[in-house]
Amino acid sequence: MPFSTAMAAEGDTVVVLNQDFSAFTEGSETAPGTTDISTYTGKLRTELTGWSGSRVYEAGGCLKIGDGGYLQTANTDMTSNGGNLRISFRAKSLDDTGGGIQLLLNSSYTVTTTVYLDNGEWTDIVVMTSGGTATGYLRIKPYLIASGMLIDDLKIETSQSFIGAPEATQPTVVSDEAFTATWKVVKGATSYLLDVYTKNGDAKDYLLQDEAVDPPASSYATTQSKQVTGLQADKKYFFTVRAKRDQYVSEYSNEIQVVKAISNIDAPEATDASDVTSTGFTAHWNEVAIAEGYVVTLNRREVLDHDSTVNILYDDFSGFTEGTLSSPSYPYASALDDYTSEPGWTGHSASLAAANGYLGLSPYSGSGYICTPALDLSKSEGKYKVKMKAASYYYGTFKEDSVMVYFYNGGSQPADSAKIYLNGDFTEYTVECSKGAAESYVYIEYAGTNKFYMDEFAVMQDLKAGDVCTSRVATVDVGNVTEYKFDVPLSDKVGYTYTVSAYAPTVKGSSYTGYYVANIYSSNSNEIIVNYSEPTGIGDITRENTADNVWYTLQGMRLNGQPTTKGVYIYNGKKVMVK
């Protein structure tokens, strides 16, 4: 049954459990105890009769629940007031990035709900559900919080006024005129109130407001729905629903955006840049009919004036500023643009670990990976090198270990691979590949039980004078516009290219995993090249009379934005010879 944060009249409220964990005084919030007190003879069971758990530690008047552990209350009679429950507690993720908390009521295996923490600060959690039994219990588990969580002030109450909010589900069949609003039933609900609306800024324009919907006729039904008609094709609609039990009303359900399911979207046509100067340019593209936004990818092009070894990609990971080698931070992000010097880095979000100036992997099971942006490594006969400083670390000690480096050329299988054997403190390692292509990726995979870290990561290639060195500068979601201004330096040797892809929302998922709204993206547009040369003044002009023409000799004249070569041109209505 879904949970909500509903609050209501509480004249009949009964407190069935209230525990503040003040007896667990060892350690502190910042340095919890290291003894698991949830063992059969541990302090948790001796202080709190009937309670149990796994990986539970004292934390200076509150409790820590470690990753993979849980805290479970004693069996408690929760049947008063029809078993309508309000569960409240304070929680803190020990990862700065937050995480989830799973709540399981009366079952060790079925997750009743998951609540999420946005950061590593103390947060008050208030949730409601029904289903309290005569021997009910609550199990609390950290979910995707690698360092665990803190918990305090747990309370479970019953009241006739406690009614959980419905869980609205994504409609899968939507037309320009109608859709079917669907939600999961709430036990004990006698009716539902449906809202359907469009948005004008923060204001809502209602098509339906507090539309009464009866509960399903069958007591075994798990969902209820209502057909909604009268939509306008050019408007974007949303819906929420509330449950009623007699005079008591729940909080609103989650908000659902009503979206048509689409399977593809056309790529935009990129057009020539305008306002090209030494400090930037404006990119342009044509509108795609159903697009709700565009992503522009900008690449830098530099013409080398001498043979040189070039860092096609380099990062010292100084964008990662939190954590230490022994106690890393966990970015939990599959896209790492907020941290890396160049966009396009990705990683296995559940396995990433970072310390101040280091990026690494700490997989909990199986393996984790980090992948570079797409790189053009087709020059120099596809030969290139990958250099990095790397080490394997485990709670204060460097370890001997190994990590795999895979070289991809855009396909699903690696074109080549290399194994790096790590031998203690941070050491520089170099591996080579001879199969570079126009779209290459370097993929680092670690499957060990320690923490793998890397620093000063470089992809290098030997290029010749006249070669064009290309590198990714930015990938920008510009919203629903058809032009975008880039403030970048241009010169005779440095230019840029851009491509554009379009996106629009669609319905994804399945009946098994659930349906949800996510963007679908087009393929990239054609590529536009942007070049610029610093204009030069018209130099010495000499006049030469011939039988029929006036000739001018100029140095460094510019026609149509391009440097001129020797020859005869028309300039200001006169023939001009450029020597």
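Residues: numbered from 1 along the sequence shown. Just so we're clear, the structure is a prediction, and the values are computed from it rather than from any experiment.
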**Message:** Distance check, rounded to the nearest 0.5 Å: Leu71 atom CG versus Lys64 atom NZ?
**Reply:** 14.0 Å
**Message:** Could you measure the distance from the CZ atom of Phe239 to the CD1 atom of Ile256? Nearest 0.5 Å is fine.
**Reply:** 5.0 Å
**Message:** Could you walk me through whether Ile37 and Tyr57 satisfy the side-chain contact (heavy atoms from CB on, under 4.5 Å) test, starting with their C-alpha distance in whole Å, then the side-chain angles of each, then the deciding distance to 0.1 Å, before giving a yes or no?
**Reply:** CA-CA 6 Å; Ile37 62 172; Tyr57 308 88; 5.8 Å; no
**Request:** Verify the neighbour count for atom CG of Asp118: are there more than 12 heavy atoms of other residues, nucleotides or ligands below 6.0 Å?
**Result:** no
**Prompt:** Are any of the side-chain heavy atoms of Thr397 and Asn450 separated by less than 4.5 Å?
**Reply:** no
**Message:** I'd like to know if the side chain of Tyr503 pairs up with that of Asp477 as donor and acceptor (distance under 3.5 Å, no hydrogens or angles considered).
**Reply:** yes
**Request:** Mark yes when over 12 heavy atoms from residues, nucleotides or ligands other than Phe238 sit less than 6.0 Å from its CZ; otherwise mark no.
**Result:** yes
**Verdict with supporting geometry, Glu255 and Tyr197, side-chain hydrogen bond (donor to acceptor under 3.5 Å, both in side chains)** = CA-CA 11 Å; Glu255 182 183 70; Tyr197 49 88; 2.5 Å; yes
**Item:** N/O donor-acceptor pair under 3.5 Å between Tyr453 side chain and Leu325 backbone
**Value:** yes
**Prompt:** Can you list the steps and then say if Glu47 with Phe21 is a side-chain contact (heavy atoms from CB on, under 4.5 Å)?
**Reply:** CA-CA 9 Å; Glu47 287 286 341; Phe21 309 120; over 6 Å; no
**Message:** For a quick test of reading the model, state the closest non-hydrogen atom pair linking Pro373 to Pro343 and the distance between them.
**Reply:** CG-O, 3.2 Å
**Prompt:** Rounded to the nearest 0.5 Å, how far does OG of Ser402 lie from CD1 of Ile420?
**Reply:** 10.0 Å
**Qualifying residues under ring pair (Phe, Tyr, Trp, His ring centres under 6.0 Å), relative to Trp183, sequence neighbours excluded** = Tyr192
**Asked** What orientation do Tyr369 and His348 show, parallel under 30°, tilted 30 to 60°, or perpendicular over 60°?
**Response** parallel
**Request:** Kindly compute the distance separating CG (Leu63) from CG (Asp20), expressed to the nearest 0.5 Å.
**Result:** 10.0 Å
**Message:** Run the side-chain contact (heavy atoms from CB on, under 4.5 Å) test against Arg139 and tell me which residues pass, sequence neighbours left out.
**Reply:** Tyr70, Gln72, Leu104, Ser108, Lys141
**Request:** Taking all non-hydrogen atoms of both residues into account, name the closest pair between Ala518 and Lys508 and its distance.
**Result:** CB-CD, 3.9 Å
**Request:** Return yes if a side-chain donor-acceptor contact under 3.5 Å exists between Thr158 and Ser80, otherwise no.
**Result:** yes
**Prompt:** Has Gln247 got more than 12 heavy atoms of other residues, nucleotides or ligands less than 6.0 Å from its CD?
**Reply:** yes
**Message:** Name the residue from Pro328, Pro142, Ser147 that meets the side chain to side chain contact (heavy atoms under 4.5 Å, CB included) definition with Asp95.
**Reply:** Ser147
**Complete:** In Tyr394, Tyr421, Tyr446, the residue satisfying side-chain hydrogen bond (donor to acceptor under 3.5 Å, both in side chains) with Asp401 is Tyr446
**Request:** Please list all pairs passing the salt bridge (Lys or Arg N to Asp or Glu O under 4.0 Å) test where one or both residues lie in residues 31-45, with sequence neighbours left out.
**Result:** Lys43-Glu58
**Message:** Are the side chains of Pro505 and Glu292 in contact, using a 4.5 Å heavy-atom criterion?
**Reply:** yes
**Request:** Given side-chain contact (heavy atoms from CB on, under 4.5 Å), test Val405 with Met388 step by step and report yes or no.
**Result:** CA-CA 11 Å; Val405 181; Met388 72 178 87; 4.2 Å; yes
**Item:** Closest approach of Ala504 to Ile262 (non-hydrogen atoms, all atoms of both residues)
**Value:** CB-CD1, 3.9 Å
**Prompt:** Does the Thr190 side chain pair with the main chain of Lys244, one donor and one acceptor, at a distance under 3.5 Å?
**Reply:** yes
**Message:** Would you compute the distance between atom OG1 of Thr169 and atom CD of Gln224 and round it to the nearest 0.5 angstrom?
**Reply:** 11.0 Å
**Asked** Taking atom types as modelled and ignoring hydrogens, do the side chains of Ser341 and Asp315 form a donor-acceptor contact shorter than 3.5 angstrom?
**Response** yes
**Asked** Taking Ser191 for the side chain and Ala212 for the main chain, is one N or O donor matched with an acceptor at less than 3.5 Å?
**Response** no
**Item:** Glu29 and Trp122: CA distance, side-chain angles, deciding distance, side-chain hydrogen bond (donor to acceptor under 3.5 Å, both in side chains) verdict
**Value:** CA-CA 11 Å; Glu29 293 182 17; Trp122 279 106; 3.0 Å; yes
**Item:** salt bridge (Lys or Arg N to Asp or Glu O under 4.0 Å) pairs, two or more places apart, involving residues 445-456
**Value:** Lys389-Glu456
**Distance (rounded to the nearest 0.5 Å) between Thr372 OG1 and Tyr441 OH** = 8.0 Å
**Asked** Which atoms form the tightest heavy-atom contact between Ile65 and Ser54, and what is the distance?
**Response** CG2-O, 4.5 Å
**Fill in**
Minimal heavy-atom distance between Thr25 and Ser22, with the atoms involved, is CG2-O, 3.4 Å
What donor-acceptor contacts under 3.5 angstrom involve side-chain atoms of residues 329-339, with partners at least two apart or in another chain?
residue, atom, partner, partner atom, Å
Ser329, OG, Glu322, O, 3.2
Ser329, OG, Ala354, O, 3.2
Asp337, OD1, Gly344, N, 2.8

**Request:** Measure the shortest side-chain to side-chain distance between Leu154 and Ile140 over non-hydrogen atoms and say whether it is less than 4.5 angstrom.
**Result:** yes
**Message:** If you compare all heavy atoms of Ala353 against all heavy atoms of Ser362, which two are closest, and at what distance to 0.1 Å?
**Reply:** CB-CB, 4.0 Å
**Asked** Are a donor atom and an acceptor atom from the side chains of Asn84 and Tyr248 found within less than 3.5 Å of each other?
**Response** no
**Message:** Using side-chain heavy atoms (C-beta onward) and a distance below 4.5 Å, is Val173 in contact with Thr180?
**Reply:** no
**Request:** Kindly indicate whether the side chain of Leu207, heavy atoms from C-beta on, has any atom under 4.5 Å from the side chain of Thr198.
**Result:** no
**Working for side-chain contact (heavy atoms from CB on, under 4.5 Å), residues Val403 and Met454** = CA-CA 11 Å; Val403 65; Met454 61 183 185; over 6 Å; no
**Prompt:** Do Ser159 and Ser161 meet the criterion of a side-chain donor-acceptor pair at a distance under 3.5 Å?
**Reply:** yes
**Message:** If you define the side chain from C-beta out and look only at heavy atoms, does anything of Leu150 sit under 4.5 Å from Leu94?
**Reply:** yes
**Request:** Verify, without hydrogens or angle tests, whether Ser225 (side chain) and Thr182 (backbone) share a donor-acceptor contact under 3.5 angstrom.
**Result:** no
**Request:** Please identify each residue that fulfils side-chain contact (heavy atoms from CB on, under 4.5 Å) with Ile156, with sequence neighbours left out.
**Result:** Val16, Leu17, Met78, Leu85, Ile87, Leu138
**Message:** Donor-acceptor pair, distance only, cut-off 3.5 Å: does the side chain of Arg242 make one with the backbone of Asp195?
**Reply:** no
**Prompt:** Is there a donor-acceptor pair closer than 3.5 Å between any side-chain N or O of Ser219 and the backbone N or O of Ala217?
**Reply:** no
**Prompt:** So do Pro166 and Lys184 actually touch side chain to side chain, heavy atoms under 4.5 Å?
**Reply:** no
**Asked** Among Phe317, Phe457, Phe426, Phe452, which one satisfies ring pair (Phe, Tyr, Trp, His ring centres under 6.0 Å) with Tyr358?
**Response** Phe426
**Request:** Report yes if some heavy atom in the side chain of Phe89 is under 4.5 Å from a heavy atom in the side chain of Asp153; otherwise report no.
**Result:** no
